[in-house]
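Input: a single structure, listed below in structure tokens.
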Amino acid sequence: MNVNQLLKQLVLSELEKAVDIYLEKNNLSSVKENLKIRIEYSRDEKFGDYSSPFALENKNILNKNPKDIAEAVLAEIQNQSFFEFVSFSPPGFINFRIQTKFLNEYVKSVMFPSVVFAETPKKEKILLEFVSANPTGPMNIVSARSAAYGDALANLLTSLGHTVKREFYVNDYGNQVYLLGVAVLLRIFESKGEPIQFQEEESDEPVIDLIKKRILPKESYRGEYIKDIAIQCLEDASRTKFIFDSVSSEKWDEVIDFLSKYAVDYNLSRQKEDLALFGVNFDLFFSERSLHEAGDVEKVPTILKKEDVTTIDGKLHFLSTLYGDDKDRVIRREDGRPTYLMADIAYHYNKFTRGFDTLIDIWGPDHYGYIARLKGAVKSFGKADESFRVLIAQQVNLIENKEKVKMSKRLGIFQTMRDLLSYLGKQGRDVGRYFFLMRSSDAPLDFDLDLAKDESDKNPVFYIQYAHARICSIFRELQVPMDLKLLQSGVSDEFLKQEERTRLLFWVARLQEEVYDTATSFEPHRLTNYLQSLSKSFTKFYSQKDNRIKDKTGNERDTLLALVLYTKFALESGLKLLGISAPEKMSKEDTEQ
């Protein structure tokens, strides 16, 4: 489907033609390039389907009051058969209502029977990196939000015709991974009956000395899940022998490195299980360790512009202030060890070497300050600013009984993604994904656990799914196959003129442009809003006695059947893009029709 075929785009095109005529008649063509012409949805349907603030936004350029501008432009609308009416409303809006006949033909010929989305003229190869949770422990709630957001976004970008690959970056290298191995080793001692202590204040005492005293360093990991890793590791006799032989001969680095890798593999396998439960599948899990082992991290100073790298006080700096950062950043320490930034630069350089045109990263809420330095590095090694984009998945607050649920590692209350999915039950995947997606990702989210557990249509995702299931029940009851080709020949404009029918047809006709706008804005919550409105329009239609299909015959029956089938396909398509199921049967579906 061509972008120019979108209904909103067709309205915009008609407005642009009228503006051109108005400018030419008034000898104003010279100001055209300064004008702002845009179309938006009407804030109140009584004014029309679409509106434009053209008269309001350009009054100073055209040097006239908005009402005069609007009326003059409206007089030049050429395609009168396209609109039911065009009008002006204060303080300066031009309003458009689409003719039912046009809507009917548009839905029949452009949108259905196969649902094809509008593709962008410029198709790209995109690498979308998201979640990338540290493999030092279970996946948390913010990671779950990132998973829902990233997976839906990948679907949406694919609908535009882009080639999208999903990638999870595994931070399996560095001090935190080392400390993970230390924690597992101490818990192994504990499982063998040796008491361990917990360091309360950080000190300069070497970690190895603390291990010998059976003291777990303060900065290491203390979660109960470490005990599970330790016990699992000891189940293999050969591993147990290696561990205690290494301890006996004081080969501490060897045993800690072994346990670090084991713990990372263990945690990552659990994270993959959680993601599978959530319906999220990655094309690649990319190892940070592989970059270090290949020597790619050490090459970073040579891939950045020579003038962007300098040594200050024995430390190698990337001059990120040249790219808008608040200070220059160390990429290699005095002792030669690379910083996390240096590894991240190597990773993003590696992404481009794999042939991707555009990189999109979804990061957690505490990474805003990191954006400028990494975007600066991408520019420094020669890539355009628009080729790398960072999106933020903000903090999640779990709400129960109208109060925030306290996250507690000690008590294990909703600390992990798995806890949440388990709490939500058999519908956890659909409910979780929808709730994470129904608000803008860059704003904190209050996740209402009570509403999420509600199995009635008060639950917003069930409200949409019930609408879909209800339509399926209509066809089952009437024993009619869901085949648009059998119905469309009988569809008549005459039977679409009632308000509820026309409104439902319009909401169906918005599907493609809603998907396109959602994908190009990187805002999946816009699609959840659309599906709510479409379901609401269907419910209003369905509640009218005059729309009981079982009481209709002939073309009116076929027209109504086609209309609800259009609605079914729109609901199903939107839910699929969000990674949510569209069940044909639900326990509370209303089969009265």
Side-chain angles (χ1 to χ4, degrees), residues 1 5-7 10-11 45-46 48-50 79-85 96-116 464 466-514 530-531 533-574 582 584 589-593:
M1 183 182 184
Q5 290 179 286
L6 294 173
L7 194 58
L10 295 175
V11 177
E45 287 190 10
K46 71 181 181 182
D49 300 324
Y50 298 94
N79 192 358
Q80 297 294 339
S81 63
F82 184 38
F83 300 110
E84 187 75 28
F85 65 77
F96 307 88
R97 171 62 57 85
I98 311 297
Q99 274 203 10
T100 302
K101 181 177 181 180
F102 182 87
L103 280 176
N104 186 19
E105 288 303 315
Y106 179 81
V107 171
K108 267 202 300 188
S109 61
V110 178
M111 295 180 63
F112 297 107
S114 59
V115 181
V116 180
I464 297 168
Y466 280 133
H468 180 269
R470 192 167 293 138
I471 293 170
C472 295
S473 76
I474 292 171
F475 282 86
R476 282 197 302 272
E477 183 181 352
L478 297 177
Q479 298 183 347
V480 177
M482 287 187 278
D483 187 340
L484 273 174
K485 291 181 180 178
L486 297 176
L487 300 172
Q488 285 184 325
S489 61
V491 173
S492 171
D493 299 333
E494 175 188 356
F495 300 114
L496 289 169
K497 293 180 180 179
Q498 291 93 325
E499 180 70 11
E500 291 79 14
R501 299 178 187 183
T502 302
R503 292 296 81 208
L504 181 56
L505 184 64
F506 172 65
W507 277 102
V508 168
R510 281 174 58 165
L511 170 67
Q512 268 82 346
E513 64 193 33
E514 290 278 7
Y530 164 73
L531 293 173
S533 296
L534 175 61
S535 301
K536 184 178 179 180
S537 182
F538 170 73
T539 301
K540 191 173 182 180
F541 158 87
Y542 180 79
S543 65
Q544 299 298 311
K545 290 183 179 180
D546 190 45
N547 294 329
R548 288 186 176 176
I549 300 175
K550 69 180 182 181
D551 297 335
K552 306 298 180 181
T553 59
N555 285 354
E556 184 173 14
R557 179 178 183 270
D558 286 349
T559 299
L560 296 184
L561 280 171
L563 180 57
V564 298
L565 197 50
Y566 293 150
T567 307
K568 181 230 187 270
F569 289 157
L571 291 170
E572 181 180 31
S573 300
E584 296 191 359
E589 70 185 28
D590 184 355
T591 58
E592 183 183 352
Q593 184 53 241

Heavy-atom closest contact ([X] atom, [Y] atom, distance):
X      : Y      : result
Phe475 : Leu561 : CZ-O, 3.6 Å
Leu496 : Val491 : CD1-CG1, 4.4 Å
Leu103 : Thr502 : CD1-O, 4.4 Å
Tyr106 : Leu7   : OH-N, 3.1 Å

message = Go through it in stages, so that I can follow the logic: the residues are Tyr542 and Ile471, the test is side chain to side chain contact (heavy atoms under 4.5 Å, CB included), and I'd like the CA-CA distance, side-chain angles, deciding distance and then a yes or no.
response = CA-CA 10 Å; Tyr542 180 79; Ile471 293 170; over 6 Å; no
message = Walk me through whether Phe96 and Tyr50 qualify under ring pair (Phe, Tyr, Trp, His ring centres under 6.0 Å).
response = CA-CA 5 Å; Phe96 307 88; Tyr50 298 94; 7.8 Å; no
query = Any idea how Phe112 and Tyr566 line up, ring-wise: parallel (<30°), tilted (30 to 60°), or perpendicular (>60°)?
reply =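 Parallel.
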[X] side chain vs [Y] backbone, donor-acceptor pair below 3.5 Å:
X      : Y      : value
Ser573 : Ala570 : no
Asn555 : Ser492 : no
Ser489 : Lys485 : no

key: Lys/Arg N to Asp/Glu carboxylate O, Lys108 vs Glu105, below 4.0 Å   = yes
ask   = Under 4.0 Å between a Lys/Arg side-chain N and an Asp/Glu carboxylate O for Glu556 and Arg501?
value = yes
key: Check: Gln5 and Leu10 side chains under 4.5 Å, non-hydrogen atoms   = no
inquiry  = Could you check whether Arg510 makes a cation-pi contact with Tyr530, meaning its NZ or CZ is under 6.0 Å from the centre of the six-membered ring and within 45° of the ring axis?
reply    =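 No, cation not above the ring by the 6.0 Å, 45° rule.
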Residue pair Phe541, Leu560: steps toward the side chain to side chain contact (heavy atoms under 4.5 Å, CB included) verdict = CA-CA 10 Å; Phe541 158 87; Leu560 296 184; 4.0 Å; yes
